Amino acid sequence: MRRFLRFGVQRAFSSSSSSYPSSSPSLSIWRGKRKEMGKEGLMVVQEMKRLQNSPPERLQSFIKSRVSRLLKSDLLAVLAEFQRQDNVSLCLMVYELVRKEIWYKPDMFFYRDMLMMLAQNKQAEKLMQVWEDSKRENVHFDQHTYGDIIRCLLDNNLPSQAMIFYSEMKESPEPPLSLPYRVILKGLVPYPELREKVKEDFLELFPGMFIYDPPDGLTDD
């Protein structure tokens, strides 16, 4: 089973990203080492999974009595564990709990992990709902993170959603970077018409740079 937190690789930020505290790595509570789960968190994960197929009121009662009282570190570890397990419904429940906590602060890495987990599970509607949450909370994404999310969407056969994120990326106040574009272009190989549009943008932004075009027929199934 893939480990969702592998996306926590450190990246260099452009100087302009410091203007947006919601995406500043120095302030992030989500970035860094793998979140360790205590005994209480482990018990919560096991019990929520046990109650997942029970009448909804039983799970909601447990969430109210036990999950909502978890320490911050345990609650974040529970969220990370459900992301790792690709348990979409329980992950979304914990996601909503986290956002209600007094210590919660909107954060790029928090939303990145949620969006990529939902993309990997092809949950397009829920993904766009979480994306709207991030926009309402004025979360700013850097160019590398946009590139990673868009590539994840493409790799999971969600090109329409990928292009929505691409449009947002182009509107970002951050200066464009060539590497995220190359990541996106590689993911667009199975979508030649979309790739051609992004390639035109790339060549306009980075004149003189070379783009590898795969041989004709390489993407045919």
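Predicted model, so just to flag it, every value in this text is computed and none were measured. The figures here come from the full heavy-atom set of this structure, side chains too, leaving out hydrogens, waters and symmetry mates.
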Does a side chain donor of either Asn87 or Glu81 reach within less than 3.5 Å of an acceptor in the other side chain? no
[Y] and [X], any side-chain heavy atoms less than 4.5 Å apart:
| X | Y | answer |
| --- | --- | --- |
| Tyr166 | Leu194 | no |
| Glu125 | Gln129 | yes |
| Arg112 | Met117 | no |
| Lys49 | Gln85 | yes |
| Val44 | Asp74 | no |
| Val130 | Ser134 | no |

Donor-acceptor contacts under 3.5 Å from residues 90-101 side chains, at least two apart:
{"from": "Tyr95", "atom 1": "OH", "to": "Asp133", "atom 2": "OD2", "distance (Å)": "2.6"}
{"from": "Glu96", "atom 1": "OE1", "to": "Arg99", "atom 2": "NH1", "distance (Å)": "3.0"}
{"from": "Arg99", "atom 1": "NE", "to": "Tyr111", "atom 2": "OH", "distance (Å)": "3.2"}
{"from": "Arg99", "atom 1": "NE", "to": "Glu137", "atom 2": "OE2", "distance (Å)": "3.2"}
{"from": "Arg99", "atom 1": "NH2", "to": "Glu137", "atom 2": "OE2", "distance (Å)": "3.0"}
{"from": "Glu101", "atom 1": "OE1", "to": "Trp103", "atom 2": "NE1", "distance (Å)": "3.4"}

How far apart are the closest heavy atoms of [X] and [Y], and which atoms are they?
| X | Y | answer |
| --- | --- | --- |
| Met114 | Gln83 | SD-NE2, 3.3 Å |
| Ala162 | Leu154 | CB-CD2, 3.6 Å |
| Phe141 | Thr145 | CD2-CG2, 3.7 Å |
| Gly41 | Val78 | O-CG2, 3.6 Å |
| Lys122 | Asn157 | CE-ND2, 4.1 Å |

Filter on salt bridge (charged side-chain N to carboxylate O under 4.0 Å, His left out), then keep only pairs touching residues 155-169, sequence neighbours left out; what's left? Lys135-Glu168, Arg151-Asp155
Mind checking what makes ring pair (Phe, Tyr, Trp, His ring centres under 6.0 Å) contact with Phe82, not counting sequence neighbours? none
Scan the side chains in residues 59-69 for donor-acceptor partners under 3.5 Å anywhere in the protein, sequence neighbours excluded, and list what turns up.
{"from": "Ser65", "atom 1": "OG", "to": "Ser61", "atom 2": "O", "distance (Å)": "3.0"}
{"from": "Ser65", "atom 1": "OG", "to": "Phe62", "atom 2": "O", "distance (Å)": "3.3"}
{"from": "Arg66", "atom 1": "NH2", "to": "Glu40", "atom 2": "OE2", "distance (Å)": "2.9"}
{"from": "Ser68", "atom 1": "OG", "to": "Ile63", "atom 2": "O", "distance (Å)": "3.4"}
{"from": "Ser68", "atom 1": "OG", "to": "Lys64", "atom 2": "O", "distance (Å)": "2.7"}
{"from": "Arg69", "atom 1": "NE", "to": "Ser65", "atom 2": "O", "distance (Å)": "3.3"}

Output yes when a side-chain donor or acceptor of Asp107 lies under 3.5 Å from a complementary backbone atom of Phe109, and no otherwise. yes
So does Leu185 get a backbone contact from the side chain of Arg195, meaning a donor-acceptor N/O pair under 3.5 Å? yes
Per-pair distances, 0.1 Å, donor-acceptor, side chain in residues 175-182, under 3.5 Å, sequence neighbours excluded:
{"from": "Arg182", "atom 1": "NH1", "to": "Phe210", "atom 2": "O", "distance (Å)": "2.9"}
{"from": "Arg182", "atom 1": "NH2", "to": "Phe210", "atom 2": "O", "distance (Å)": "3.0"}

Results of side-chain hydrogen bond (donor to acceptor under 3.5 Å, both in side chains) for Lys199 - residues two or more places apart only: Asp213
Other residues, nucleotides, ligands: >12 heavy atoms within 6.0 Å of Glu57 CD: yes
